[in-house]
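Keep in mind that what you see is a predicted model, and the values were worked out from it rather than measured.
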Amino acid sequence: MANLITLTEYKVAEGLQSTKEDAKLELTITSVSQLVKTYCGNGIIDFFSVNKTETLSINWASNIVQLTESPVTTVNSVQERDSLSSAYTTLVNNQDYYVDNATDSIYRVSSSGSARNWANGPGSVKVVYNAGYEKCPEDLKLAVIDLITYYHKDHHRTARQTIAGASRENKTSSGSRNNPAFPDHIKRVLDLYKNF
């Protein structure tokens, strides 16, 4: 999928003019873009103009499904089926379902607008939608640039360096379980875009 920033954007932000490390930087940009998307659980820019098809399995009585991409910009179709052998039925917006853009959720409703449960079973609900941003938001872009530098300069390899008697500690994020150990200033921004 698409990188969150371009090589040109990175080089302008870092004041780089040499082309000597362009190949390594391109690889790092691609890797960091994917790392950020994986950590955030969000394609960020991947599904803004490309449809995302999400098939959801409903295993209990529920009138709500939460979509994985955020923020939802357009819901193109919602379909439901009662069993694996039955065909999907296309539902009508504001008649059979309601889109809650504040939570990126879709509620199943009856024609009167009251709550109704989704059909249960594997792949019982299929949603085609668009979500995310046309381009990487500027605050996230800043974190991506810092993260590219963090990996490009190998700051992630050592927590403490000693050069000519002076010691420098590369502080990483601390404390939480399942912590990827990003530097705190980067993690704070990434967490703003993380889907929980």
Side-chain angles (χ1 to χ4, degrees), residues 1-14 16 19-57 64-79 88 90 93 97 99-106 122-157 172-173 176 178-196:
M1 290 290 187
N3 287 337
L4 294 172
I5 67 166
T6 65
L7 176 62
T8 302
E9 288 174 313
Y10 179 77
K11 289 176 77 171
V12 167
E14 294 297 303
L16 302 175
T19 58
K20 180 179 167 187
E21 295 190 310
D22 281 4
K24 182 181 177 191
L25 283 170
E26 283 281 9
L27 180 62
T28 306
I29 288 168
T30 300
S31 298
V32 166
S33 292
Q34 185 56 54
L35 175 64
V36 167
K37 291 175 190 179
T38 300
Y39 175 76
C40 292
N42 193 346
I44 314 288
I45 60 173
D46 292 340
F47 299 106
F48 184 79
S49 57
V50 174
N51 288 346
K52 164 92 178 200
T53 300
E54 196 164 327
T55 305
L56 304 144
S57 298
I64 184 172
V65 293
Q66 177 102 35
L67 300 173
T68 58
E69 297 296 324
S70 175
V72 172
T73 56
T74 307
V75 174
N76 302 306
S77 71
V78 176
Q79 297 179 310
Y88 283 102
T90 300
N93 188 15
Y97 68 91
V99 179
D100 183 353
N101 291 102
T103 62
D104 300 316
S105 303
I106 300 179
S124 60
V125 178
K126 186 188 290 187
V127 182
V128 178
Y129 66 103
N130 298 100
Y133 304 90
E134 185 174 8
K135 61 182 186 155
C136 186
E138 295 300 318
D139 57 342
L140 182 57
K141 190 182 292 185
L142 181 62
V144 169
I145 289 167
D146 282 354
L147 198 53
I148 291 165
T149 301
Y150 178 72
Y151 283 106
H152 180 68
K153 303 263 186 196
D154 288 331
H155 291 180
H156 66 288
R157 294 195 187 272
T172 58
S173 179
S176 68
N178 298 325
N179 184 355
F182 293 130
D184 284 337
H185 73 285
I186 295 173
K187 187 175 183 307
R188 277 191 295 274
V189 176
L190 296 182
D191 284 349
L192 296 172
Y193 293 89
K194 187 173 178 71
N195 286 342
F196 292 95

Return the NZ to CD1 distance between K24 and I29, rounded to the nearest 0.5 Å.
12.5 Å
Rounded to the nearest 0.5 Å, the NZ atom of K37 sits from the CG atom of L35 at a distance of 11.5 Å
Candidate pair S70 and Y193, rule side-chain hydrogen bond (donor to acceptor under 3.5 Å, both in side chains), full reasoning
CA-CA 8 Å; S70 175; Y193 293 89; over 6 Å; no
So which heavy atom on G123 is nearest to which on S57, and how close?
N-OG, 2.9 Å
Mark yes or no for whether D104, through its side chain, and V72, through its backbone, hold a donor-acceptor pair below 3.5 Å.
yes
Measuring only between side-chain heavy atoms, which start at C-beta, is L25 closer than 4.5 Å to L16?
yes
I44 and P137 have their tightest heavy-atom pair at CG2-CD, 4.2 Å
side-chain hydrogen bond (donor to acceptor under 3.5 Å, both in side chains) assessment of Y129 paired with E54
CA-CA 8 Å; Y129 66 103; E54 196 164 327; 2.5 Å; yes
Can any side-chain N or O of Y150 pair as donor or acceptor with the backbone N or O of F182 at less than 3.5 Å?
no
Looking only at atom types and distance, does a side-chain atom of E134 sit under 3.5 Å from a main-chain N or O of F48, one as donor and one as acceptor?
no
If I take atom OG1 from residue T8 and atom CG from residue D22, how far apart are they, to the nearest 0.5 angstrom?
8.5 Å
I5 to E9 - nearest heavy-atom pair and separation
CA-OE1, 3.2 Å
Run the side-chain contact (heavy atoms from CB on, under 4.5 Å) test on V125 and T55 for me, step by step, so that the C-alpha distance in whole Å, both residues' side-chain angles and the decisive distance to 0.1 Å come before the verdict.
CA-CA 6 Å; V125 178; T55 305; over 6 Å; no
When you measure from the side chain of K194 to the backbone N and O of Y39, does any donor-acceptor pair fall under 3.5 Å?
yes
Do the side chains of L142 and V189 get nearer than 4.5 Å, heavy atoms only?
no
Is it true that a side-chain atom of S105 and a backbone atom of D100 form a donor plus acceptor pair closer than 3.5 Å?
no
When rounded to the nearest 0.5 angstrom, what is the spacing between CG in N51 and CG in N130?
5.0 Å
For A13 and I145, work out which heavy atoms get closest and say how close.
CB-CD1, 3.5 Å
Nearest 0.5 Å, what's the CG-NZ distance between L147 and K187?
12.5 Å
For T28 and Y10, run side-chain contact (heavy atoms from CB on, under 4.5 Å): C-alpha distance rounded to whole Å, both residues' side-chain angles, the deciding distance at 0.1 Å, then the answer.
CA-CA 11 Å; T28 306; Y10 179 77; over 6 Å; no
Is there a salt bridge (charged side-chain N to carboxylate O under 4.0 Å, His left out) between K52 and D46 once you walk through the steps?
CA-CA 9 Å; K52 164 92 178 200; D46 292 340; over 6 Å; no
Using modelled atom types only, decide if a donor and an acceptor are shared between the side chain of E69 and the backbone of G43 within a distance under 3.5 Å.
yes
Side-chain (N195) to main-chain (N42) donor-acceptor, under 3.5 angstrom
no
Considering all heavy atoms of both residues, which atom of E21 and which atom of H152 are nearest to each other, and what is their separation?
OE1-NE2, 3.0 Å
Locate the shortest heavy-atom distance separating L4 from S33; write the atom from each residue and the value.
N-OG, 2.9 Å
Measuring only between side-chain heavy atoms, which start at C-beta, is T19 closer than 4.5 Å to K11?
yes
Value rounded to 0.5 Å, distance of OG1 in T73 from CG in N101
8.5 Å
pair L140-L190: side-chain heavy atoms closer than 4.5 Å:
yes
A side-chain contact here means heavy atoms from C-beta on lying under 4.5 Å apart; do N93 and V78 qualify?
no
